[in-house]
Chemist: 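Starting off with a structure, shown below.
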Amino acid sequence: MAGSFWNKYTTQRLSRRRMLQSTGVAGAAAGAVLLVGCGGGDDDPEGTPGTGTTPSATGEAGTPVVGGRYSVASTADFDTFDPYIGIAASVGYFPRLYNTLVNFSSLDSSFRFDDLSTGYEQPDDSTYVFAIRPGVKVGPNALGVPERDLVASDIVTSYDRIKSLPQSNAFAFIGTWVTSQEASADDMTYTMGMKGPYGYFRPRIGSAISTIVPKEALTDENIGKLRQNAAGAGAFILDSYTEGQGASISRNPNYYRKDEANGGAAIPYIDGFDVKIITDRSAMSTAFSASPPQLDVYTAADVNEALSLNSDGKYTERKDPVNTFVAFTMNPDKDPWKDDRIRQAAMHAINREQIIELVYSGEAKANGLVHWPLGDIGLPDDERDELQKYDPAKSKELIKAATGEDTIDITVIFPAESAIEEHNLILPIWLEQMAAAGFNVKQEPQDFAAWLDNYTNLNYDASLALNQVYETAEFNMDFQHSKGPAGNNIYAKGVGALYPDIDAEIDRVKTLTDPEEFKTAMHELQRRLYEVGPTFLPLVSPYSFTLYQPYVKAIPEGIGASGLWVNTWYLDGKS
Amino acid sequence: MQTFIIRRLLIGVLIIFVLSVAVFYLLRIVPGDPAVRRCGLQCTEAQIAAIREEMGLNDSYPQQYWDWLSGVLTGDLGTSQVNDRPVSESIRNRLPVTLELMVLTMIMTIFVGIPFGIISAVWKNSPVDLSVRFTAILGLAVPAFWVATMVLIIPVELWGYAPPIGEYIPFREDPLRNMQQFLPAAAVLALGSAAGVMRLTRSSLLETMRQDYMRTARAKGLKERSVVFGHGLKNSLIPVVTVLGLQVSGLLGGALIIEQIFTLPGLGDYTFRALFAKDFEVVQTMTLYAGVTVVLLNLAVDVSYAWLDPRIRYS
């Protein structure tokens, strides 16, 4: 799912936060499969449903009530229900319709969701052996897939499809790292061989874009039909989808999971989702505020809109961290960014606190090289703030030392217009800050398509990049790598191009599977990057503000996108 | 008349051909690779190459154009490059929405614009005329997207009322809710066009009323109502009909925004999304659709002149 921000932006211009939030789980971008606690995975190999802590919940919870349809909006349309190529709205619903082997929450390292597997073992650092859960039964569907239990060979077929599709979203993980797969003779054990130890295994394995589809749905005859149909063993089944209008999703009568906290009651409690495609924000807030409400959840544009809509306190409010940020990218192949001092000067020019106050009314936090929602793999706040301290005088000193002049001319490309409100607001502030620190910025505003082309082809000196949603720190660090975030010399070239030891360290950190060792190495890597002057500077990441109708109860919170797998929430009193 | 229509249709085909070539070419020279857009930032070159191949973007431009055009000529409008769905199916699903919106808009435009134009002309410079003209200028000056937003927000703020949002209710299923959904959108779209029609009707009627034959009609002792409606109105409608024809074409553009705001899943919404996604097949086909609509509407307008003014003959 990583990087899908770009997909959605370019194809639909939606806010992915809104999309994820609209699914009714923990706040949007908090729809993050973060990296906290990444590492091997032999803990609790015999995990049971609901393993880990029960997530805390938004909306006072009482005795769950069965029934009711949950009305949500999506700014983007569903493009397909094929989880391997789906982007846009579809991604938020794959966890509802399909299964994963196991999902780990990055926001709450104690939360683990054993789904199609009951647990896994690691005979060695590169091999994972999953025990398949019996009774994970495919729901009724229009594709003619039998209502049978999913087995190990379904995983092999699913992942083979990803491996055969370079354009699939999960290719970077399954296609690149998974080198062998095997289903046992009884089809109840699945063995996955990796090309080596991989530190990002946990956030990757439970992703919505590598969910398991029954093999009958992946036949030549059916694969095309996944555009408008779905067949899976998830908590819900797809009833209907109408292009441009939305989808109706209902409870899977075959769903295996029970709510142990409620005497083993069958879940999900709600009858289903009515997903409406609403592009316009005013229309969405109107639908939410209407009486009777036409939407059960709404993600406000910012804290002020949330406060305004909820001035009488009738809605349930949720505040979640968002994994999105605007970043400044410098090209170390081009002058003046080859010079460490100029990159450091740019780093000290940015006053993140001012951006937080002016753009987010204080409801955001400064990012280091790793955005703050990813937790303690970023440097501690004090150290980070010291290393990238806002100090325009120091910027000018560095510029003087590098050039002998008081100021320096730089050329920066950026999209001239953006559907993302924050970008339009941050841009002028950032330009003023750079000017105050001695940078004469030659602005090159470009049409979005032109900007993306130039960005893709490294045809720029520096760029102020649009918001990006990264769910693991892998991408942040790869931006500092000489091969860039995609590993093939497009989009960005990192400072590793000037310092090979940084490339080597980024590559090494990826192979660390012990959480503590990983965290320590990440901290050292960031210190080294600050020392030489990073080429990729995430600015700030905000909070999102989600409002729920008062009858929405027990929405899981604090576990990010893992909440998409939890279906114990319910509607109490929706008319 | 027959020769005229055939000639106009042939010219129309030429115009549409030129339009389609221009749109085809312009879409491709604008920076931005649709494969990159579809794939995303973490895509490898191999992924992008695979998508380009899948989308047929590696073929030469003439080949791509021919593939698309031959499909259109044989009734295959192609498939969306974003979601792989047949364009014809999407148009079939969405056409009723846009058609209903446009019909309602035109009804409002005609039944508001023309009567108020007449009233304004007949009571020239009276308080009624001034009020109507003020309202018309307001209607022309205020952007439709702003009015649309207000139309949604104000009722919900005051009374908690909102039209059905995010779901399309066909007229045959629930006429009342359908009208709740379409009337506000049509009214917003009609605001500007009705204002234009009103002003044109007024000036055209005033011009006609100054003609000698109108004076003659009055001198014959005809009642003012007969003078205005029997002699003046029909003759003053030629420019109005021309503008109405153009406005239908303009509505295709206006619908792009209004359908988005009122969440009506019509062709405007479809085109809007396709433009942002650089979905070549859809944009080309929708441009063709708009072109054909405009050509046919203009032909209909020209033909209507003969009915409005018998002195006009086509040969």
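Keep in mind it's a predicted model, so treat the numbers as computed, not measured. Letters go in sequence order (proteins before strands), and every chain restarts at 1.
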Chemist: For A:Trp451 and A:Tyr455, take the angle between the two ring planes, folded into 0 to 90°, and tell me which bin it lands in: parallel under 30, tilted 30 to 60, perpendicular over 60.
Modeler: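 A:Trp451 and A:Tyr455: parallel rings.
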
Chemist: Is the shortest heavy-atom distance from the side chain of B:Thr271 to the side chain of B:Val282 under 4.5 Å?
Modeler: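 Contact flag for B:Thr271/B:Val282 side chains = no.
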
Chemist: If you count heavy-atom pairs under 4.5 Å between each of B:Pro155, B:Ala274, B:Pro163 and chain A, which one has the most?
Modeler: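 Highest number of pairs under 4.5 Å: B:Pro163.
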
Chemist: Which answer fits B:Glu89, side chain, backbone, both or neither, if we ask what part of it has an atom under 4.5 Å from a heavy atom of chain A?
Modeler: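 Side chain only.
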
Chemist: Heavy atoms only, distances under 4.5 angstrom: which of B:Ile165, B:Val156, B:Ile261 has the most pairs with chain A? Name it, please.
Modeler: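 Of the candidates given, the most pairs with chain A belong to B:Ile165.
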
Chemist: Is the closest side-chain heavy-atom distance between B:Val283 and B:Thr287 below 4.5 Å?
Modeler: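 The answer is yes, as the side chains (C-beta and beyond) meet within the 4.5 Å cut-off.
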
Chemist: Quick check, are the ring centers of B:Phe182 and B:Phe171 under 6.0 angstrom apart?
Modeler: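 Not under 6.0 Å, so no.
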
Chemist: Between B:Tyr270 and chain A, which part of the residue has a heavy atom less than 4.5 Å away: side chain, backbone, both or neither?
Modeler: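 The side chain, not the backbone.
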
Chemist: Below 4.5 Å from any heavy atom of chain B, which atoms of A:Gln245 appear? Answer side chain, backbone, both or neither.
Modeler: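 For A:Gln245, the contact with chain B is made by backbone and side chain together.
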
Chemist: For each of A:Asp478, A:Thr242, A:Ile278, tally heavy-atom pairs with chain B at distances under 4.5 Å, and name the one with the top tally.
Modeler: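 Between A:Asp478, A:Thr242, A:Ile278, the count favours A:Ile278.
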
Chemist: Sort A:Thr80 into side chain, backbone, both or neither according to what part of it lies under 4.5 angstrom from a heavy atom of chain B.
Modeler: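 For A:Thr80, backbone heavy atoms alone lie under 4.5 Å from chain B.
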
Chemist: Using the six-membered ring wherever Trp is involved, compare the ring planes of B:Tyr25 and B:Tyr61 and label them parallel, tilted or perpendicular (cut-offs 30° and 60°).
Modeler: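 Because their plane-to-plane angle is over 60°, the rings of B:Tyr25 and B:Tyr61 count as perpendicular.
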
Chemist: How far apart are the C-alpha atoms of A:Tyr315 and A:Tyr298, what are their side-chain angles, what is the distance that settles it, and do they pass the ring pair (Phe, Tyr, Trp, His ring centres under 6.0 Å) test?
Modeler: CA-CA 10 Å; A:Tyr315 303 122; A:Tyr298 172 67; 9.2 Å; no

